Amino acid sequence: MTDAPTPTLPSVGREWRLLSRPVGWPEPENFELAEAEVRQPGPGQVLVRNEYLSVDPYMRGRMSAAKSYIAPFELGKAMQGGAVGEVIASAAEGIAVGDRVLHFGGWREYATFDAKQAVKVDPEAAPLSTYLGVLGMTGLTAYAGLLRTASFKEGDAVFVSGAAGAVGSQVGQIAKLKGASRVIGSAGSDEKVKILVEEYGFDAAFNYKNGPVSEQLREAAPDGIDVYFDNVGGDHLEAALGSLNQGGRIAVCGMISVYNSTEPVPGPKNLARLIATRGRIEGLVVSDHYDLQPEFVQEVGPLVASGALKYRETVVEGIENNLEAFLGVLRGENTGKMIVKL
Ligand SMILES: NC(=O)c1ccc[n+]([C@@H]2O[C@H](COP(=O)([O-])OP(=O)(O)OC[C@H]3O[C@@H](n4cnc5c(N)ncnc54)[C@H](OP(=O)(O)O)[C@@H]3O)[C@@H](O)[C@H]2O)c1
């Protein structure tokens, strides 16, 4: 359906731009919140008023110029990220004004783009913000990383770091629901540890700030672990290698402990444990697993709807707080998915 732009459409919106590449922790002066003209949609395009924006640890990688699986943000231009919003003008077949879409034009109030880059979402089926988290990118990362990369099987003992975050909380719960013998999580506060055990049903959890990870893991998993889902890297990875059982598998999803490092970070000292354990370590990038999306939604959607799989969101309001929300994720201020609500 094609809708002609109406005079009530906004002409100016705000967007976050990267001005310079951070070295170490990102600083406010690396960014600017600027006003930009709102483009009316050309043929095949839509104009969306964003309602929810995603901020994710991987965005720190895009702020650097280093070559990776996704291109760096361009200096002086609006950054990108997952977003959900309402179509307010459409010149595209199949997308009407009022539709809600998931797309990649985040870090801004209004986005104009090819409709091919949008996925329609149903606000009646689930809260809109969940398409960025538990039913979205972070949820699929947990599902694919655990089931495919780590080849999880019933009876496995699973350790996940960053366990109170968006990906980690889902990894632990899916493992539990699929018959893990034991699920252990680590997180950065006693409050988060409590949530892991009391709300998400983890068998054990510890605060990695309370003592050496290796010692706390050995105590929490006296019979070792079969799967480690790594969100953190560093001493967590070394501890997991130390507790790995025969045939153990390590899925490397993220290494947030090194994202702001200014020096090359040494690898684990005990990598040779992979020999004796016949262990396997494998990285994952969620976009390689989009083929699992339908299966993921079919299986996890009802679990979320019934409350069998629980989730939390930390919601920060206002485009002006988009950057602080992102920095908050790096600082551990979120429990569950960090969302910016406009
Ligand atoms: N490979 C992929 O395709 C893919 C896709 C999505 C996400 N990821 C990765 O998965 C991980 C989790 O992502 P997410 O979106 O779910 O984020 P998240 O876990 O919701 O948020 C990040 C969490 O990391 C923890 N953290 C920060 N610094 C840390 C440190 N030095 N040591 C230990 N923990 C630290 C903080 O929690 P605490 O309070 O517990 O410290 C923070 O809440 C990240 O590493 C991310 O890069 C990878």
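In listed order, ligands and their atoms are each counted from 1. All figures in this text were calculated on a predicted structure; none of them were measured in a lab. Only heavy atoms go into these numbers, but all of them, side chains included; no hydrogens, no water, no symmetry mates.
With T130 contributing its side chain and A126 its backbone, the two residues share no donor-acceptor pair below 3.5 Å. Side-chain N or O atoms of R278 include one that pairs as donor or acceptor with a backbone N or O of A276 at under 3.5 Å. Looking only at distances, a side-chain donor or acceptor of Q173 sits under 3.5 Å from a matching main-chain atom of K310.
Looking at T335 against ligand 1, nothing comes within 4.0 Å, counting heavy atoms. Proximity of N231 to ligand 1, defined as any heavy-atom pair under 4.0 Å, is shared by backbone and side chain alike. Residue-level proximity to ligand 1 for K192 is carried by the side chain, the only part with a heavy atom below 4.0 angstrom. Counting heavy atoms closer than 4.0 Å to ligand 1, residue V167 contributes atoms from both its backbone and its side chain. Under 4.0 Å from ligand 1, the heavy atoms of M137 that appear belong solely to its side chain. The proximity of V286 to ligand 1, defined as any non-hydrogen pair under 4.0 Å, involves the side chain as well as the backbone.
At least one heavy atom of M255 sits closer than 4.0 Å to an atom of ligand 1. The shortest separation from a heavy atom of C253 to ligand 1 is under 4.0 Å, placing the residue in contact.
R249 pairs in a side-chain hydrogen bond (donor to acceptor under 3.5 Å, both in side chains) with only one of the listed residues (D156, T277, T149), which is D156.
Contacts classified as side chain to side chain donor-acceptor pair (under 3.5 Å) and involving residues 332-342 (residues at least two apart or in different chains) are given here: S54-K337, D56-K337, R331-E333.
By heavy-atom distance, the residue among S54, P57, G165 lying nearest atom 17 (O) of ligand 1 is P57. Of the candidates D288, T141, L196, N334, T141 brings a heavy atom nearest to atom 5 (C) of ligand 1.
Near G336, with a cut-off below 4.0 Å to any heavy atom, the atoms of ligand 1 are 20 (O).
The protein heavy atom nearest to atom 47 (O) of ligand 1 is Y259 OH, 2.7 Å. In terms of protein heavy atoms, atom 41 (O) of ligand 1 is closest to Y208 OH, 2.5 Å.
Aromatic ring orientation, W107 versus W16: perpendicular (interplanar angle above 60°, classes split at 30° and 60°).
Other residues, nucleotides and ligands contribute over 12 non-hydrogen atoms within 6.0 Å of the CD atom of Q117.
Counting all heavy atoms, side chain and backbone alike, A142 lies closest to Q170 at CB-CB, 3.7 Å.
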Legend entry - side chain to side chain contact (heavy atoms under 4.5 Å, CB included) evaluation trace for L53 with I339: CA-CA 6 Å; L53 308 176; I339 298 279; over 6 Å; no

